[in-house]
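Below: one structure, written as structure tokens.
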Protein chains: 2
Amino acid sequence: MKPPSNAAAASTQPAIDVVYLISGAMNSELWHACAGPLVSLPPIGSLVVYFPQGHSEQVAASMKKDTENIPSYPNLPSKLICMLHNVALHADAETDEVYAQMTLQPVNKVGQMYDQEALLISDMGLKQNKQPAEFFCKTLTASDTSTHGGFSVPRRAAEKIFPPLDFSMQPPAQELVARDLHDQSWPFRHIYRGQPKRHLLTTGWSVFVSSKRLSAGDAVLFIRDEKSHLLLGIRRANRQQPALSSSVISSDSMHIGILAAAAHAAANNRPFTIFFNPRASPAEFVIPLAKYSKAMYTQVSLGMRFRMMFETEESGVRRYMGTVTGISDLDPARWKNSQWRSLQVGWDESTAGERPRRVSVWDIEPVVTPFYICPPPFFRQKFPGQPEDETDIENAYKRGIPWLDDFGMKDGSSSVFLA
Amino acid sequence: MKPPSNAAAASTQPAIDVVYLISGAMNSELWHACAGPLVSLPPIGSLVVYFPQGHSEQVAASMKKDTENIPSYPNLPSKLICMLHNVALHADAETDEVYAQMTLQPVNKVGQMYDQEALLISDMGLKQNKQPAEFFCKTLTASDTSTHGGFSVPRRAAEKIFPPLDFSMQPPAQELVARDLHDQSWPFRHIYRGQPKRHLLTTGWSVFVSSKRLSAGDAVLFIRDEKSHLLLGIRRANRQQPALSSSVISSDSMHIGILAAAAHAAANNRPFTIFFNPRASPAEFVIPLAKYSKAMYTQVSLGMRFRMMFETEESGVRRYMGTVTGISDLDPARWKNSQWRSLQVGWDESTAGERPRRVSVWDIEPVVTPFYICPPPFFRQKFPGQPEDETDIENAYKRGIPWLDDFGMKDGSSSVFLA
DNA sequence: GTGTCGGCTGTAGGCCGACAA
DNA sequence: TTGTCGGCCTACAGCCGACAC
């Protein structure tokens, strides 16, 4: 029996958020907190661009296997414009790994105007910021995960997230209950003691650690939602991932299945279903059409300077500077003229070993003002130039969204596109 | 560092067994003990018949999902004759579930004579009995899995499998070490005590139970190999299986991938890889060509009586009697004229709720003497009639294997085949 | 401010025979 | 023959402040 708190809480959220809560019986805030600050799912009903190569990369990363043996699918283009019919948020029952199930339906691009509402929804999705304000994330120490003691709560985190303690008690303490992604309750004793004084979770903590099989290096995160309910999620360290040997289907068949399902759906204009694992996938492969379209107006050239966002430890965001060093196909044999990771890049900082050597145009933010082609009018009034990032959804709607205008443009305008 | 005991032990086994040990670094005896008495993998280098429908059924059973949404693959026949290039035995790292990875290469049937040696190997595979003689299997009781005590070893099992105790000790006891499918060692204290006296595993047992996450109803099995090494496997109760929600690939894409991979391999005569899960799959779907061919000579008619083998509790084998009640396509829309589960059957015993209502011809043993068509000569000397089941491999080889002869027969002889 | 440790304490893990099915 | 239980003991889970970085 699940409490109706989620549905009730949703009424205070923007409308776009509600559809997530309805379609997947999962707390959206908690899901996004676990997914990380860079993950922003396109809204239901919007138009997206699906990249089979990126999907294949996710499977390869999950299976720890390359994609060399995969046959090419000549009839499957490198990108599919799709209507996003449904998004359901999930978490793996065993590992609590978050993932999203998306239902995509390919739409006919050539000679067909996209639904205006779908385009607007697509653009509104760009402005979503899913990271909850009232949350903290701590990487577990050896002491935290040892059976010898409890969990040391960072002072600011405890004061921001937990209900205030009654300091007239000696020592101040209270019972907390936090719910995880599966809506399971975890009770903890929260106490403020020691010399010097600190916040601790004691009774209940070790059963949580052993149940979730947490070890040092994994992270836990606490959220306080609008009704002061505590939510609890985990993010496992990257070193884990037991390669998911599957034992059900071969890695090759999986890759073929991915491509064949998409090809079949595209050929018959039928919906198909994909899974997106934010923390396992090297990059997002379902891109809001507005984001993609906006990126297509970016003039990219060798030597171009750009910024790109990465997640930091403790769930922060940082921008790194880089330079475009090449523009070419990632896989010329199987995916000719694909825009997926078509940019070869170098990074300013020498500690850039973890950062990708190839990115896609929509991943980057040019540091010079991008050059915009002024498109024919689509909305009543046109807005000349690039809107600021800070513009909220309402303003963008009122002014019109110029970069959405002529997405159905012909190949003749390919000078602003990548080869 | 793995001890060379496996390779050394293999030298005392028939040649066919060696290839398993080489290709998969896994104890073949233990694997087969865990797989159950009915599972017999075709030997490497033999010809087999692969049924995509059966493969699809395994996936559906693993995913707890039906196959309704799967598109038909018009270019993929309901069966593929394949050369079995490789078989690797595996066990899931998390659950110890046994499975086999097979590499199959479709061979051209029409107008091509099969390799004679491959046919012989295919037939030899029928005679393999993989169940080790020195083994026992016990379903765990509540007391066995409780933290309150150890494991009560059935008397006969302890006397047959474990090294003999020194009964001059009071009480008689010894330290045992057993290796599991992953070659991991598990030490146990084996003691003979209590009133009345019984064999118990005490120290070490509970860590094994908790590590493998065993609970009452699961079964453990012990094997003593030729060098008196103890081997240890588990068979989980059927009720478990958390549906394997995958979170990597949708069930539909998996099914499509299965079919597309096979179709691609068949179209290009390229090898493809499949996984066979003996305990998850409703039926074997890679059948030795000899077994299939033999079954094709069986005259099946409505009302025909037959026997079929099933696994009992405690890893035994029992035959149940049944009657053929119908002959028809399981899935007329997608798999027209398929032999997969083309027989509708009824069972004699009313407790037959668990037994399938549809089986394939090669699953059953007719109780009346089958009618054999005498095929044209293929080997030097012909053997008129059906060899007895008890014939060993050597004799079968000397006499020739008549039912292998004209497998490449034309549709004109389809009167003995199912429609 | 917080990670790790030694000390203390209580619970439950785990070994035993009794007893019954 | 073997499944479950009560009795008993001890190992370690788990709460505490000390102390150092």
Side-chain angles (χ1 to χ4, degrees), chain A residues 136-162 169-176 186-211 214-220 313-314, chain B residues 136-162 169-176 186-211 214-220 313-314:
Chain A
F136 80 88
C137 173
K138 183 196 176 186
T139 301
L140 298 179
T141 67
S143 297
D144 288 330
T145 52
S146 146
T147 58
H148 187 62
F151 174 63
S152 184
V153 188
R155 181 183 196 87
R156 295 193 177 180
E159 291 171 348
K160 184 170 65 173
I161 304 299
F162 294 161
M169 300 170 66
Q170 280 309 325
Q174 64 182 334
E175 300 301 317
L176 299 179
W186 298 94
F188 301 108
R189 175 168 175 82
H190 171 210
I191 191 169
Y192 185 71
R193 63 165 173 81
Q195 199 51 251
K197 293 275 181 281
R198 88 276 310 274
H199 292 270
L200 296 166
L201 296 186
T202 57
T203 308
W205 173 253
S206 70
V207 292
F208 176 74
V209 167
S210 61
S211 296
L214 298 174
S215 52
D218 296 335
V220 294
E313 302 254 338
E314 311 305 311
Chain B
F136 80 88
C137 173
K138 183 195 176 186
T139 301
L140 298 180
T141 67
S143 298
D144 288 331
T145 51
S146 144
T147 59
H148 187 61
F151 174 63
S152 184
V153 188
R155 181 184 196 86
R156 295 193 178 178
E159 291 171 350
K160 184 169 67 173
I161 304 298
F162 294 161
M169 301 171 66
Q170 280 310 324
Q174 64 181 335
E175 300 301 316
L176 299 179
W186 298 94
F188 300 109
R189 176 167 174 83
H190 170 209
I191 192 168
Y192 185 71
R193 63 164 173 80
Q195 198 52 250
K197 294 274 180 277
R198 89 279 310 275
H199 291 269
L200 296 165
L201 295 187
T202 57
T203 309
W205 173 252
S206 71
V207 292
F208 175 74
V209 168
S210 61
S211 296
L214 298 174
S215 52
D218 296 335
V220 294
E313 303 256 337
E314 312 306 311

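It should be emphasised that the depicted structure is a prediction, and the values quoted were computed from it without experimental measurement. Chain identifiers are assigned alphabetically (A, B, ...) following the order of the sequence lines, protein sequences preceding nucleic acid strands; residue numbering begins at 1 within each chain.
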Whole angstrom value for the distance that separates [atom2] of [N] from [atom1] of [X]:
X: A:Trp205; N: D:dC15; atom1: CH2; atom2: P; result: 12 Å
X: A:Phe208; N: D:dA13; atom1: CZ; atom2: P; result: 19 Å
X: A:His190; N: D:dG14; atom1: NE2; atom2: P; result: 19 Å
X: B:Lys138; N: D:dT1; atom1: NZ; atom2: P; result: 14 Å
X: B:Tyr192; N: D:dT2; atom1: OH; atom2: C1'; result: 12 Å
X: A:Leu200; N: D:dA18; atom1: CG; atom2: P; result: 14 Å
X: B:Gln195; N: D:dT1; atom1: CD; atom2: C1'; result: 13 Å

What does [X] touch in the nucleic acid at a heavy-atom separation under 4.0 angstrom: a base, only the sugar-phosphate, or nothing?
X: A:Thr141; value: sugar-phosphate
X: A:Ile191; value: sugar-phosphate
X: A:Arg156; value: nothing
X: B:Thr203; value: sugar-phosphate
X: B:Ser146; value: nothing
X: B:Pro154; value: sugar-phosphate
X: A:Ser152; value: sugar-phosphate

Does [X] have a side-chain nitrogen or oxygen under 4.0 Å from the phosphate oxygens OP1 or OP2 of [N]?
X: B:Ser143; N: D:dT4; value: yes
X: A:Lys197; N: D:dC16; value: no
X: B:Arg198; N: D:dT1; value: no

Any chance you could measure [X], atom [atom1], to [Y], atom [atom2], to the nearest 0.5 Å?
X: A:Phe188; Y: A:Thr202; atom1: CZ; atom2: OG1; result: 10.5 Å
X: A:Asp144; Y: A:Leu200; atom1: CG; atom2: CG; result: 9.5 Å
X: A:Tyr192; Y: A:Met169; atom1: OH; atom2: CE; result: 14.5 Å
X: A:Arg198; Y: A:Arg193; atom1: CZ; atom2: CZ; result: 7.5 Å
X: A:Arg189; Y: A:Leu201; atom1: CZ; atom2: CG; result: 11.0 Å
X: A:Trp205; Y: A:Thr145; atom1: CH2; atom2: OG1; result: 9.0 Å

Worksheet item: Which residue lies toward the 5' end of DNA chain D, B:His148 or B:Asp144, if each is placed at its nearest nucleotide?
Response: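 Looking at DNA chain D, the more 5' nearest nucleotide goes with B:Asp144.
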Discussion item. With heavy-atom distances below 4.5 Å as the criterion, would you say the side chains of B:Val209 and B:Phe151 are in contact?
Written reply: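 No, every pair of side-chain atoms sits at 4.5 Å or beyond.
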Worksheet item: So where does chain B start and stop touching DNA chain C, 5' to 3', when the test is distance under 4.0 Å to a non-hydrogen atom?
Response: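 With heavy atoms of chain B under 4.0 Å away, the range is C:dG13 to C:dA20.
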Item to complete: Taking all heavy atoms of A:Lys197 and all of A:Arg155, pick out the closest pair and write down the distance.
Response: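 Result for this residue pair: O-NH1, 4.3 Å.
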